[in-house]
Structures are given as C-alpha cells and as structure tokens.
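Working notes, structure below.
Along the sequence shown, residues are numbered consecutively beginning with 1.
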Amino acid sequence: LSGHTITMNGNTGACNNLTVNGTANWTAILTTNVSGNLIINNGGSITGTATGILNVTGIFSVPSAASATFGRVTITVTAATTLDGTLNFSSAVGVKTLGDITVNGSGTWQSSGNSAFTVTGNLTNNGTLTSGTGVYTFSGAGKSLAGTSAITLTTAAMTGTYTNSDAVNVTVTGVLSGAGGLTQGVNSTLQLGGTPTIATITANANPNLVTYNGAGAQTVKGTTYYNLTISSGNTATAGASFTCNNLSLTSGTFASNTFTITVSGVTTSSGGTLSTSNAAGMFNLQSLSLTGGSVAGAATGNVNVAATLSVPSGSATIGRCNLTVTGATTIDGSLTFNNVTGIKTFADITVNSGGTWTATVAAPVIVNGNVSTNGTFNCNSGTYTVSGNFFENAGSTNFEGSIGGTLTIAAGATLNANTGNLSVTGSSTISGTINITTVTGTKNFADITVNTGGVWNSTVAENVTVTGNVVTSGTWECLSG
C-alpha cells in the first residue's frame, strides 16, 4: 500500500507480508491475516470508520525516521514489535494485542488515543514511551520489563508473571492490579502512585527499591521489601504486616494500622510522619536516623529501636507513641518532644555541641544508661529517671528527676534545677554552675564537691538533703534553705 488510501470493505483477506506506505482504512468489520511481517513506513496508518481486524503472525516494525499511526483497529501481533521510528495509537477503539515489544533508542511509542493494550511478551524500552491513560495488561509467563529508559504507565494489570529485570525505573501512576505477579530484579526501581491490588509483588532482591509516592491515600502492600521509600502526598497505610531491609520516609505519613512493620537495616526520615495510627500497630526498627519529620501517632502504638537513634542534622519531633531505644542515642541536630502520651525509654544519650534536646511538654523519660551533653538539654518539667551518670560537659540543661549514678558539671557548663525534684544517688562534682531556682519538689544529694571556679547557687529558700560530705573550694550560695 503506497501513498494512497486503500478501503478495506471487501472480503476477508490474507497475505504473506504487508508493507504500508499510505492508509489502510476499514469501513466494515473485516479481517486481514498476515502470515509474515508487517512494516509501516513514514506516513503510513491503519485505521477505519469500522473496527477492522488485523492479525500479524510475524514481526511488526516501524523503521528509523518513520512516523506511523494505528487508529481504530483491532490488531494482534504474535511475534515481536520493533520500533526504530515513531508509532502512535490515536484511537482507543479496538483491541491491541502484541507479543514482545522493543522500543529502540531512536524509537517512540505513543498512545494519544489512550488505548488499552494486552502484552503477551516482554516490554523493552530503550527510547521514548508515552503510555497514555489506557490499561496495559501483561499476560505473559516468565516475561520482563526491561531497557535503559524509564517505563511509565498510568494503569497496569499483571495477569501473568513479570520481572523488572534491568536497572530501570518502572512507574505506575495509578493502580497496579491483576492476579499475576511482578518481581523486582537487582537494582530495579518501582514507583507506585496508587494502591497496588496485584496478587504478588516480590521485592527482596539485593538491592532494589519500591517507592510509594501517590498524591492521594495509598495502602502499602504486605510483602518483603529490600529498600522501601514512602514519599507520599497524603497517607500511606500498611495493608498487612511486612518486613524490609531499609526504610526511607521523605514526606507524607506512613501509618502502621494494626500491623507490625519490621526493618532489619536502617530507617531514615527526612520529612513526614512515622505514625502508630492504631494502638496495636508496631514499628520494630534496627536503627533510626532523623533529619526531619516526626515519630508520632493518632494512637499510642510501639516504636522499638534495637540499635541506635540519631539526629545527625535538621530538626525532628517525637510525639504520641511508646518509644524504646535499646542502643545509644546521639543528637547533633534538634530533637523535640511535644506529647506527654506514651512511655519514652532510652539507653545512653549524647547531645553533641550544637545539638538540642528539648521538650515543649512535661513528658517523662526513662534513661537506662548515661546522659552526656555538650549542647542544650531541656527537660521542661517532665520527670527524667536516669539510672547511670549525668555529664554536663558544656552548654545548659534544665533538669527534673533522678540520677542513679554521679552528676558531673564541667567548667563553663550549667545545670538548672528549676521545675521540681532533683535526686542524685552518687557523688556530685561541680566545676561549672548548678542553679536551684524552685522550692517545688525535693532536692537530695550524696557527696558534693564544688571545685575552684564552680558555683552552687540556690536562689530560693529550698531545703536540700545531703547524705554525704560537702567539700567546696568554689562558690556556695544558699538562700536560707
């Protein structure tokens, strides 16, 4: 067919090979069978005012620099489809069924008519793929999504079994559905904008990444992930308990629901909220690094950190939850506690120079270890129970509670007992300043040593109980207490 329009209104036809340089136009619902190959050259199109049927047994190709169009037609290509030029599907009318599809580097796949497709083979994109909004149904068995260029689909249904096999970004902006399965290959990336209802996602290859990044609410599928990122514009809620190696939260809310999420590697948050949205919900984390966002919930569920909690930079918030950190906590940025609900339990706490630990509410905290601060440590009026030693190395601390070990205040550092009780079981060594500025609560100490340059300053008539010795070569001021 060369440069003209051929009207397909006769009887059902057949040919060995078909080359289209002009237009094949169906005006009746008739069938043409091509037992060999189909080539559409530049300017060629297959369309119709009726939905004709074209069956191609061999290879379908669009040569380099050619621009071809499929309009209203039902087409089945059994063998491979290869695009070196541009192919546009301009109509959603008619069923499009293809085997292996390869878009080469110079090739372009377009669906301006938002057609639906059934792909029975592999989809390989090394060029440009503009999918339109039609549903892509992948029905092959043991097939792949591959190539060097990203594959972005609005809606996809996996009724067969596919592997995202290359280091390529596959994005489904809408729903990923189907009774089949999608397996993430090594170094592959899958981005999901909707709630996946697909039967199986296998995402434990080392490494691979699955990202939930929808603008609306999503449900996170319960499966095993290697790297999981929540970058939501809304709330992503767990649909079942699951495990992953690494978890990253960049925006939105990741809600536990009633389920348990277990992370064996690193959990990072640069924004958004890690939420125990139900009291039965639980996050079991290995290590947690916060540079932004919050750990908080609409209900008081459990967040367990088996190794370390760190705030290397930025500002983060701890809200309503039961938080247990078994390993060390290190603060170089800013960590704020803004909700009294839930038990907060830590091991060793270190606040480095420039770091800030602050509470805007009277939240009680249990420390099963030592506290060492070179920055700012502000407990508000929350009661802190410290089983180990307290080292005020630099900066300033507002403290209420008990210290099971020793209290050491270095030269230039300040500890303010300005809200309530202060009890120190071990010895207190003051080379900096301790200010007792409230008569509320009790003040109990064992041995007290105020070194040269050190200041013991009681600005109120508070009774202080000392069960040991007092040795001072510095300043000792008691206001009639």
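With rounding to the nearest 0.5 angstrom, the CZ atom of Phe337 is 9.5 Å from the SG atom of Cys379. One distance of note links OG1 of Thr224 with CD1 of Ile201; it measures 11.5 Å at 0.5 Å rounding. The OG1 atom of Thr124 lies 11.0 Å from the CG atom of Leu129; values are rounded to the nearest 0.5 Å. Rounded to the nearest 0.5 Å, atoms CH2 (Trp109) and CG (Asn88) are 10.5 Å apart. A distance of 8.0 Å separates CD of Gln286 from OG1 of Thr308, quoted to the nearest 0.5 Å.
No donor-acceptor distance shorter than 3.5 angstrom exists from the side chain of Tyr212 to the backbone of Ser232, with no hydrogens or angles considered. For Asn393 (side chain) and Ala410 (main-chain N/O), no donor-acceptor pair under 3.5 Å exists by modelled atom type. No donor-acceptor pair closer than 3.5 Å links the side chain of Ser289 to the backbone N or O of Thr268. A donor-acceptor pair under 3.5 Å is absent between the side-chain atoms of Thr102 and the main chain of Asn104, judged by distance alone. Put simply, the side chain of Ser269 gets close to the backbone of Gly292: a donor and an acceptor are under 3.5 Å apart. For the pair Asn389 (side chain) and Asn370 (backbone), a donor-acceptor distance under 3.5 Å is absent. With Asn380 contributing its side chain and Ala359 its backbone, the two residues share a donor-acceptor pair below 3.5 Å. In terms of modelled atom types and a separation under 3.5 Å, the side chain of Thr161 and the main chain of Gly142 share a donor-acceptor contact. Between the side chain of Thr406 and the backbone N or O of Ser428, no donor-acceptor pair lies under 3.5 Å. Ser387 contributes a side-chain N or O that, together with a main-chain N or O of Val367, makes up a donor-acceptor pair within less than 3.5 Å.
Pairing each heavy atom of Gly327 with each of Ala347, the nearest pair is O-CB, 3.3 Å. For the pair Ser131 and Thr152, the tightest heavy-atom approach, listed with the atom from each and the gap, is OG-O, 3.2 Å. Across all their heavy atoms, Gln218 and Thr195 have their closest contact at CA-OG1, 3.4 Å. Contact record, Thr341 with Lys344: O-NZ, 3.1 Å, taken as the closest heavy-atom pair. Closest approach of Val172 and Ala156 over heavy atoms only: CG1-N, 4.0 Å. Closest approach of Thr429 and Asn451 over heavy atoms only: CG2-ND2, 3.5 Å.
Checking Thr273 against Ser294 by side-chain atom types alone, a donor-acceptor pair falls below 3.5 Å. Side-chain contact check for Thr452 and Ser473: at least one donor-acceptor pair (N or O, by modelled atom type) lies under 3.5 Å. Side-chain contact of Thr148 with Asn126: a donor-acceptor pair under 3.5 Å is present, judged by distance alone. When only modelled atom types and interatomic distance are considered, Thr250 and Ser231 share a side-chain donor-acceptor pair under 3.5 Å. Remark: the Asn206 side chain and the Tyr226 side chain contain an N/O donor-acceptor pair separated by less than 3.5 Å. With 3.5 Å as the limit, one finds no donor-acceptor pair spanning the side chains of Asn278 and Asn257. Side-chain contact of Thr133 with Asn114: a donor-acceptor pair under 3.5 Å is present, judged by distance alone.
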* To do: Decide yes or no on side-chain contact (heavy atoms from CB on, under 4.5 Å) for Asn352 and Thr350, but give the supporting numbers first.
  => CA-CA 6 Å; Asn352 289 322; Thr350 301; 3.3 Å; yes
* Go through the steps for Thr300 and Asn322 under the test side-chain contact (heavy atoms from CB on, under 4.5 Å), then give the verdict. => CA-CA 6 Å; Thr300 314; Asn322 294 320; 3.7 Å; yes
